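Here's the structure, in structure tokens; my notes come after.
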Protein chains: 2
Amino acid sequence: MSLPHAILTALLEKPSSGLELTRRFDRSIGYFWSATHQQIYRELGRLEADGLIRALPAEQPARGQKKSYEVLPAGRAELARWTAASQDPKPQRDALLLRLRAAAVVGTAGLQSDLRRHLELHGKQLAEYRAIEERDFPPGEDAPHKRLQHLVLRAGIDLETFWTQWLTHALAEFEALGDDTLA
Amino acid sequence: MSLPHAILTALLEKPSSGLELTRRFDRSIGYFWSATHQQIYRELGRLEADGLIRALPAEQPARGQKKSYEVLPAGRAELARWTAASQDPKPQRDALLLRLRAAAVVGTAGLQSDLRRHLELHGKQLAEYRAIEERDFPPGEDAPHKRLQHLVLRAGIDLETFWTQWLTHALAEFEALGDDTLA
DNA sequence: GCGCTCATGTAATGAGTTACATGATTGA
DNA sequence: TCAATCATGTAACTCATTACATGAGCGC
């Protein structure tokens, strides 16, 4: 039940059309809550039906025509309620760790190259986060909403840092073990 | 498409019934791939229909009767294929970070106590992982499958360490901001 | 027999993914 | 006018979650 709230947040930051939202999910918001345009359109329809958002007038609502939405007071209230509500952390799901555990049983053949690929991807993501940090969060900033946003970015940076370090360590272990242990 | 492979791995480690698998998912395997008993029974049915596992004879297969499964050669082959196949990392999804971003817009009221709760939960998980490490991975161990298992556990420990550190940092920021900024 | 736990399931719903469809706009 | 791109959607399917159902065995 988080996608509608992700959309409400995005629309509060700036009223947008479905495609604009999709692009923003591909960038900043999608860093910790991804969504496809199909999900977004479906959810926009529901949110409008529930009276939490409304289409901005001005544009005619026809297929192929841009249609922008803004958040209504009921939507803001629902987002505030959800933000404050206690929620349990979702149990982890990580396919790569699962594959490592499987490899302990059926052999490590083929895994090493994918570990390298993941290391590269996480390294890129880390670099991207760091660039955003340098651009958007100069030292000495202290507006509350800025500090909260920085906190979120920090989590992204630290997570990617963890992955690059762990993958580097894992690859070193693989070097020591050889490429097809237990096969 | 990871649940069937998680089950194959678990069954290769030790043939089990549905409920035994459920318990093992609650413990070790579920640390990075959780599943409920309903998912597990459904998936066991599919895996059996696909000829990747089979029910051990000996026990009669009636409702309320224990039914154990073992992996067939085709199942082991499928697991090896999946382990070696290249897979993209799944985009992150974290509701807590989303809530922080929402809080930057609608206010931080109520969030602080949930951050504390999460910190406590992650602290407990970290302690549990460390206990497992001490119990199952004494220094100087070097059997390949042991080293792979240790690598996976290390990822869990480092991830929980990241969360406890980040949450501690976040709470310090909240102290500095006051409990209901921007409300 | 009654309540409890063990063990295996079914049903309904919701969330996410993949593939495809359709109209509008723009530039060659 | 044709192709490409922008923009909004539908449909079908898989995966996950929640709630409930059913039978077996055991202790009292």
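Residue numbers start from 1 in every chain, and the chains themselves are labelled A, B, ... in the order their sequence lines are given, proteins ahead of strands. These numbers were taken from a predicted model, which means no experiment stands behind them.
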| Is Phe32(A) close to Arg93(B) at the side-chain level, that is, under 4.5 Å between some pair of heavy atoms? | no
| Do the side-chain N or O atoms of Tyr41(B) get closer than 4.0 angstrom to the phosphate oxygens (OP1, OP2) of dG9(C)? | no
| request: Would you classify Thr22(A) as touching base, sugar-phosphate or nothing, given that sugar-phosphate means primed atoms plus P, OP1 and OP2, and contacts are heavy atoms under 4.0 Å? | output: nothing
| Should Thr36(B) be listed as having a side-chain N or O under 4.0 Å from OP1 or OP2 of dT18(D)? | no
| message | The criterion is side chain to side chain contact (heavy atoms under 4.5 Å, CB included); which residues satisfy it with Ala95(A), sequence neighbours excluded? | response | Ser2(B), Trp33(B), Gln87(B)
Strictly under 3.5 Å: I want the nitrogen or oxygen pairs between protein and nucleotides 13-15 of chain C, one per line.
none

| request: Find the distance Leu44(A):CG to dT8(D):P and express it as a whole number of Å. | output: 9 Å
| So, is Lys67(B) near the phosphate of dG9(C), with a side-chain N or O under 4.0 Å from OP1 or OP2? | yes
| task | Mind telling me whether Tyr31(B) and Tyr129(B) have parallel, tilted or perpendicular rings, with 30° and 60° as the class edges? | result | perpendicular
| query | Quick check: are there more than 12 heavy atoms from other residues, nucleotides or ligands sitting under 6.0 Å from NZ of Lys14(B)? | reply | no
| Just checking, is any N or O donor in the side chain of His5(B) or Glu78(B) under 3.5 Å from an acceptor N or O on the other one? | yes
| field | Geometric class of the His118(B)/His122(B) ring pair [parallel <30°, tilted 30-60°, perpendicular >60°] | value | tilted
